[in-house]
Undergrad: 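Sharing a structure, written as structure tokens. Questions coming.
All values derive from a computational prediction rather than experimental measurement.
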2 protein chains.
Amino acid sequence: MRVSTRVEYGMLALVDIAMYSESGSSVSTADIAGRENISQKYLEQILPLLRQAGLIKAQKGLKGGYYLSRSADKFTMSDILNALDNSILEEMEVTGSVNDGGLRDTVNSCLWGRINSELNRYVENMSFADFLSECRNNTPGQWDLYSI
Amino acid sequence: MRVSTRVEYGMLALVDIAMYSESGSSVSTADIAGRENISQKYLEQILPLLRQAGLIKAQKGLKGGYYLSRSADKFTMSDILNALDNSILEEMEVTGSVNDGGLRDTVNSCLWGRINSELNRYVENMSFADFLSECRNNTPGQWDLYSI
DNA sequence: ACTAAACCTATTGACATAGTAGGTAAATAG
DNA sequence: CTATTTACCTACTATGTCAATAGGTTTAGT
């Protein structure tokens, strides 16, 4: 399954922010770009998507940066993905003859509709905090310094 | 979730072939294009993908067309999707620093790897026959004429 | 021989992606 | 007050994929 770098980097940056922002502090795009080896300029286009969705907040100026706008158990993976790509979780738009009750509608709802439902159920039921825990469990040792 | 028309039409055409090819007969691209309201020329590019994957066979010349190369319970939805789009079921390719054990690898495997695994499990465990049955169950009445 | 079918290749317009680049606004340190 | 550092905004570009359209070739049946 192909995922755009915009979504990949956005998710990665959010995890980075969660890990490296102590209480009260923030994380700059330069920090993230350096740690995760991403173009800083590109990140500067991606992070506003998460801010506009209300998931992170920004602090301008010296010592500024980004931090989570609320605790990680207060939003879901679905929230994040929707912020980064408004089509990734959307139901397939029906091309051509819409809802004529023909084969096309049947196939689309039975296959793509079903897959889409399962995917949505999965990401809606997983909070960002759940995800961070799972990451931590899968790579023990790496996360020991951080409280998440 | 966005799905290309190539995959959508290919799947639809295969269902059409399964429904409308009686034993021994075949279904032409003109038939499918007319019934499903798809460009015939475009279909002519898509169906060879299914043929090359061994799912259908083609008969050239007058009264020619396509038919299933084996019964619908002998191949899976995964086979079909792979034939139509070799990246749709593939694991995300890691961009940039590969497998460095950093955050990127962890996030990718915990989220995209997981989603990809679930998707693959779903389509590998569903035979084409299973899918046809499900379509039939979801739209009773429409399929009564056909033996599938 | 004629016709109808699959098959093959090239071309095109539209769109999204993955950045790069340059400048603006705001906040802080000195 | 000024300089610096940060987020923010907009424009541009190169690349690739999609979704066809088009035209010609091969094969097989009548």
Side-chain angles (χ1 to χ4, degrees), chain A residues 1-13 17 20-21 24-34 36-53 55-67 69 84-88 90 92-96, chain B residues 1-13 17 20-21 24-34 36-53 55-67 69 84-88 90 92-96:
Chain A
M1 182 179 173
R2 208 188 138 280
V3 178
S4 66
T5 58
R6 188 176 71 241
V7 174
E8 182 191 1
Y9 294 167
M11 184 66 69
L12 178 56
I17 292 169
Y20 290 96
S21 68
S25 79
S26 57
V27 178
S28 72
T29 54
D31 291 342
I32 303 171
E36 313 302 345
N37 207 37
I38 305 174
S39 152
Q40 181 179 355
K41 275 296 193 182
Y42 192 26
L43 257 186
E44 287 179 357
Q45 286 172 297
I46 295 172
L47 289 179
L49 298 172
L50 296 171
R51 183 183 52 80
Q52 285 157 20
L55 306 179
I56 56 180
K57 283 183 176 165
Q59 175 71 22
K60 279 188 176 182
L62 204 60
K63 299 281 176 189
Y66 290 97
Y67 55 96
S69 66
L84 295 170
D85 182 344
N86 55 16
S87 83
I88 195 171
E90 246 177 19
M92 234 183 90
E93 70 275 18
V94 180
T95 55
Chain B
M1 182 182 174
R2 206 187 139 280
V3 177
S4 67
T5 59
R6 188 176 72 238
V7 174
E8 182 191 1
Y9 294 167
M11 184 65 70
L12 179 54
I17 292 169
Y20 289 97
S21 68
S25 79
S26 59
V27 179
S28 71
T29 54
D31 291 341
I32 302 171
E36 313 302 346
N37 208 35
I38 306 173
S39 153
Q40 182 181 354
K41 276 297 193 183
Y42 191 26
L43 258 186
E44 288 179 354
Q45 286 174 297
I46 297 172
L47 289 179
L49 298 171
L50 296 171
R51 181 181 54 78
Q52 285 158 20
L55 306 179
I56 56 180
K57 284 184 177 163
Q59 175 71 22
K60 279 192 176 182
L62 201 62
K63 297 282 175 187
Y66 291 97
Y67 55 96
S69 66
L84 294 170
D85 182 344
N86 55 16
S87 83
I88 195 171
E90 245 175 19
M92 236 183 87
E93 68 276 19
V94 180
T95 56

Undergrad: Would you say a side-chain N or O of Tyr9(A) is under 4.0 Å from OP1 or OP2 of dA18(C)?
TA: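 No, outside the criterion.
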Undergrad: Is there side-chain contact between Leu47(B) and Ile32(B), with heavy atoms separated by less than 4.5 Å?
TA: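 When only atoms from C-beta onward are counted, Ile32(B) and Leu47(B) do touch, with a gap below 4.5 Å.
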Undergrad: Which whole-number value in Å describes the distance from Asp31(B) CG to dA4(C) P?
TA: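 For the pair Asp31(B) CG and dA4(C) P, the rounded distance is 13 Å.
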Undergrad: Verify the contact: side-chain N or O of Arg2(B) to OP1 or OP2 of dC15(C), cut-off strictly under 4.0 Å; return yes or no.
TA: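 False: Arg2(B) side-chain N/O out of range (4.0 Å or more) of dC15(C) OP1/OP2.
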Undergrad: Which heavy atom of Ala33(B) sits nearest to which heavy atom of Leu43(B), and what is that distance?
TA: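 Closest heavy-atom pair between Ala33(B) and Leu43(B): N-CD1, 3.7 Å.
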Undergrad: Quick one, give me the B/S/- string for nucleotides 1-11 of chain D, reading 5' to 3', where B means a protein heavy atom under 4.0 Å from the base and S means that only happens at the primed atoms, P, OP1 or OP2.
TA: ----BBSBS-B
Undergrad: Is the backbone N or O of Glu8(B) less than 3.5 Å from a side-chain atom of Thr5(B), with the two atoms forming a donor-acceptor pair by type?
TA: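 No; zero donor-acceptor contacts below 3.5 Å.
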Undergrad: Counting only side-chain N and O atoms of Ser39(B), is one of them less than 4.0 Å from OP1 or OP2 of dT21(D)?
TA: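 Looking at the OP1 and OP2 atoms of dT21(D), one of them is under 4.0 Å from a side-chain N or O of Ser39(B).
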Undergrad: Can a side chain N or O of Thr5(B) be found less than 4.0 Å away from OP1 or OP2 on dA20(D)?
TA: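 Result: yes.
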Undergrad: Given side-chain contact (heavy atoms from CB on, under 4.5 Å), test Thr29(A) with Tyr66(A) step by step and report yes or no.
TA: CA-CA 8 Å; Thr29(A) 54; Tyr66(A) 290 97; 3.8 Å; yes
Undergrad: Determine, stepwise, if the pair Met11(A) / Val3(A) fulfils side-chain contact (heavy atoms from CB on, under 4.5 Å).
TA: CA-CA 11 Å; Met11(A) 184 66 69; Val3(A) 178; over 6 Å; no
Undergrad: Would you say that Ile38(B) contacts Ile46(B) through its side chain, given a criterion of any heavy-atom pair below 4.5 Å between the two side chains?
TA: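 No; the side chains remain at least 4.5 Å from each other.
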Undergrad: Tabulate below the donor-acceptor pairs under 3.5 Å that side-chain atoms of residues 55-65 of chain B make, not counting sequence neighbours, or state none.
TA:
none

Undergrad: Distance check, rounded to the nearest 0.5 Å: Leu49(A) atom CG versus Arg6(A) atom CZ?
TA: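 Here the rounded value is 7.0 Å.
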Undergrad: How sharply is the helix from dA1(C)-dT30(D) to dG30(C)-dC1(D) bent, taking the axes over five pairs at either end and rounding to 10 degrees?
TA: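 Here the local axes at opposite ends form an angle of 10°.
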